[in-house]
Participant: 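There's a structure below that I have some questions on.
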Number of protein chains: 2
Amino acid sequence: MGRIEYKQYDRFLVAVDCIIFGFDGSGLKALLIKRRIEPEAGKWSLMGGFAEHQESINDAAARILLNLTGLDKIYMEQLHCFGDVERDPGGRVISIAYFALIKIDESDADKLDAHQAKWIDLKKLPTLIFDHKKMIKLAKERLQQKVSNHPIGFELLPHKFTLQQLQALYEAIFERSFDKRNFTRKILSLGILQRLDEKEKTSSKKGAFYYVFDKKKYKQLENEGIQLI
Amino acid sequence: MGRIEYKQYDRFLVAVDCIIFGFDGSGLKALLIKRRIEPEAGKWSLMGGFAEHQESINDAAARILLNLTGLDKIYMEQLHCFGDVERDPGGRVISIAYFALIKIDESDADKLDAHQAKWIDLKKLPTLIFDHKKMIKLAKERLQQKVSNHPIGFELLPHKFTLQQLQALYEAIFERSFDKRNFTRKILSLGILQRLDEKEKTSSKKGAFYYVFDKKKYKQLENEGIQLI
DNA sequence: ACAAAAGTGTTGTCTGTACACCCATGC
DNA sequence: GCATGGGTGTACAGACAACACTTTTGT
């Protein structure tokens, strides 16, 4: 069966835009670039690109993320297809938005520089091209929802982290504070964290234990679903 | 600013496929058609069509739904973009899937006949073309999730309905049974149902009160979020 | 010895769940 | 008067939220 049908229908440019989240200990950040092509060259933008025929849309998203950050095997999830007629003044382009969670210090600094990419706090977003601000807003909502039931927050933290870092992350994502005692009890009761014998000593004299996320224990729980927040 | 850029990139056919849910008192149903174009003509399929340049993707979905059912102003939500390279043997087509909830008796029977459309119980799906079964599976999961927090289930019921119909709907969506007393208490405690003075008398001698969904009261609650299940 | 962050328990309230009987009516 | 589905209450258990003091150790 050849690819001979469907001749008479309109064809579209298909863009992929990536909302890349990171966390540096204080606020939740998105990775933004200075756009290099017209229209709107020089303006703040999400990292994006056009899908190609020989790759799936998911693969296109992975390629674009790799291109900017040098990272692959990253947590990434399709967000939404944005398909308004006038969303891109450069043409009839639909955009499939993806959001990704990366460890902020693992990205390739040279590549980021080459794209003039910056980590920008979600509370201090500049003007963005097209519908990119809407995309980020939706991505943040989806992240909140997802994080409530899945332990994907760990994708944003270093391999080992303290409970305080974890709590700070959740507070940044949900833009609210949690009671330290309740938070600790809840998280530990899930049984998906493993305490190391090592302590983080830079931010206190007593020192705080490091923990690691135990993926195996989580896999066991996954089907029942977990309630984190 | 003309539409002169982006010349060198690949262009895609963009399909829209609609998962149309309905409820007839027993099982949850999806509206399927016999496909009329090659490839795979004559096979069971979701209702779909190609997006056109002068319409948004959302508008395309609404057009396709109207085309099949004669209905507009229907609850419809974008589900996911399916973008695998080989998903459609007829060409490099990406598909944006939408799911819709309609009142099964309000659809236009002549139009359904014209497309050889049938309401098929989700538990008895036939073989479907392409990735359509995957689409339905994902749509059902999304419906469950959405219905847990939003009163969209009412879109599937007649304007006035009994508590038993409502419970049967939820049991069909979640594929489990609920305790009648707990279900009634929970639903009524939300304060979004209004009891009519009228009773449904065909299925019992005592008769069951009709209720209507009170949209205004729901709007007041919407921001807090509601927990239905 | 003191400053600074780490770590830890108890109580009351709310929410979910399990469970069984009387009611109204048409026949 | 009886069969049929309609409608209702209670008690227990688990989850959540509010709340403050002691511990460790580097200086």
Side-chain angles (χ1 to χ4, degrees), chain A residues 25-26 144 147-151 157-158 160-212 221 224-229, chain B residues 25-26 144-145 147-149 151 157-158 160-212 221 224-229:
Chain A
S26 57
Q144 289 180 346
V147 163
S148 301
N149 303 109
H150 303 270
L157 291 174
K160 59 187 186 186
F161 49 85
T162 65
L163 291 177
Q164 287 50 243
Q165 290 174 301
L166 185 60
Q167 181 171 346
L169 170 63
Y170 275 73
E171 291 182 341
I173 292 174
F174 289 98
E175 292 182 336
R176 51 164 291 212
S177 59
F178 296 97
D179 179 85
K180 183 171 55 154
R181 289 159 291 190
N182 292 339
F183 183 83
T184 304
R185 180 159 3 107
K186 179 70 168 286
I187 289 287
L188 292 180
S189 75
L190 295 170
I192 57 176
L193 291 191
Q194 197 179 337
R195 196 174 83 175
L196 304 182
D197 281 333
E198 193 186 349
K199 280 189 166 186
E200 196 283 330
K201 309 270 288 185
T202 67
S203 63
S204 82
K205 312 194 166 162
K206 187 177 180 182
F209 281 108
Y210 278 118
Y211 287 79
V212 293
L221 286 177
E224 316 165 23
I226 63 175
Q227 190 59 29
L228 284 123
I229 300 297
Chain B
S26 56
Q144 289 180 346
Q145 182 201 306
V147 162
S148 300
N149 303 109
L157 291 174
K160 57 186 186 186
F161 50 85
T162 66
L163 291 177
Q164 287 49 243
Q165 290 174 301
L166 184 61
Q167 181 170 347
L169 170 63
Y170 276 73
E171 292 182 339
I173 291 174
F174 290 97
E175 292 182 336
R176 50 164 291 209
S177 59
F178 296 96
D179 179 85
K180 182 170 56 154
R181 287 159 291 188
N182 294 338
F183 182 84
T184 305
R185 181 161 4 115
K186 179 71 168 286
I187 289 286
L188 292 179
S189 74
L190 296 169
I192 57 176
L193 291 190
Q194 199 178 338
R195 195 173 84 177
L196 304 182
D197 282 334
E198 193 184 349
K199 280 189 167 188
E200 195 282 331
K201 310 270 288 185
T202 66
S203 63
S204 82
K205 314 198 163 156
K206 186 178 179 180
F209 281 108
Y210 278 118
Y211 288 79
V212 292
L221 286 177
E224 316 166 25
I226 63 177
Q227 191 58 29
L228 286 122
I229 300 299

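Note that these values count all heavy atoms, side chains included, but never hydrogens, waters or copies made by symmetry. All chains are named by letter (A, B, ...) in the order of the sequence lines, taking the proteins before the strands, and each is independently numbered beginning at 1.
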Participant: Quick one: does A:Phe174's side chain get under 4.5 Å of A:Ile229's, heavy atoms only?
Facilitator: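 Yes. Closest side-chain heavy atoms under 4.5 Å.
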Participant: Quick one, B:Leu163 and B:Leu193 - any side-chain contact, counting heavy atoms below 4.5 Å?
Facilitator: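 Touching, per the 4.5 Å side-chain cut-off.
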Participant: Can you confirm whether B:Leu169 sits close enough to B:Val147 that some side-chain heavy atom of one is under 4.5 Å from a side-chain heavy atom of the other?
Facilitator: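 Side chain of B:Leu169 against side chain of B:Val147, heavy atoms only: no contact under 4.5 Å found.
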Participant: Nearest to the side chain of A:Lys206 - D:dG7, D:dT24, C:dA20?
Facilitator: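 The answer is D:dT24, which lies nearest to the side chain.
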Participant: With a 4.5 Å limit on heavy-atom distance, are the side chains of B:Thr162 and B:Tyr210 in contact?
Facilitator: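 B:Thr162 reaches B:Tyr210 side chain to side chain.
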Participant: Would you say the ring centers of A:Tyr170 and A:Phe183 fall short of 6.0 Å from each other?
Facilitator: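 Under 6.0 Å, so yes.
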Participant: Rounded to whole angstrom units, what separation is found between the CD atom of B:Gln165 and the P atom of D:dG5?
Facilitator: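 Rounded to whole Å, this separation is 15 Å.
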Participant: Find the distance A:Leu163:CG to C:dT8:P and express it as a whole number of Å.
Facilitator: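 Rounded to whole Å, this separation is 9 Å.
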Participant: Start at the 5' end of DNA chain C and walk down; is the nucleotide closest to B:Asn182 or to B:Lys201 reached first?
Facilitator: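 Looking at the nearest nucleotide for each, B:Asn182 comes out on the 5' side.
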Participant: Hey, which sits more toward the 5' end of DNA chain D by its nearest nucleotide, A:Lys186 or A:Lys205?
Facilitator: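 Of the two residues, A:Lys186 wins.
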Participant: Measure CG/A:Asp179 against C1'/C:dA6 and give the value in whole Å, please.
Facilitator: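 A:Asp179 atom CG is separated from C:dA6 atom C1' by 14 Å.
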Participant: Heavy atoms only, 4.0 Å cut-off, all strands: where does A:Thr162 land among base, sugar-phosphate and nothing?
Facilitator: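 Touches nothing.
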Participant: Rounded to whole Å, how long is the line connecting atom OH of A:Tyr210 with atom P of C:dG7?
Facilitator: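 Result: 12 Å.
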Participant: Expressed as a whole number of angstroms, how long is the span from B:Arg185:CZ to D:dT8:C1'?
Facilitator: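 The distance from CZ of B:Arg185 to C1' of D:dT8 comes to 9 Å, rounded to the nearest Å.
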Participant: What is the distance from CD1 of A:Ile226 to P of D:dC16, rounded to the nearest Å?
Facilitator: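 A:Ile226 atom CD1 is separated from D:dC16 atom P by 12 Å.
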Participant: Whether the side chain of B:Arg176 and the base of C:dT17 hold a donor-acceptor pair under 3.5 Å is what I'd like checked.
Facilitator: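 A donor-acceptor contact between them is absent.
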Participant: Can you measure A:Phe183 atom CZ to C:dG9 atom P for me and round it to whole angstrom units?
Facilitator: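 Whole-Å distance recorded here is 18 Å.
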Participant: When the nearest nucleotide of DNA chain C is assigned to A:Gln164 and to B:Gly207 on a heavy-atom basis, which residue is associated with the more 5' position?
Facilitator: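 Its nearest nucleotide lies further toward 5', so the answer is A:Gln164.
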Participant: How close or far is atom P of D:dA11 from atom CZ of B:Arg181, stated in whole angstroms?
Facilitator: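 Rounded to the whole Å, the gap is 14 Å.
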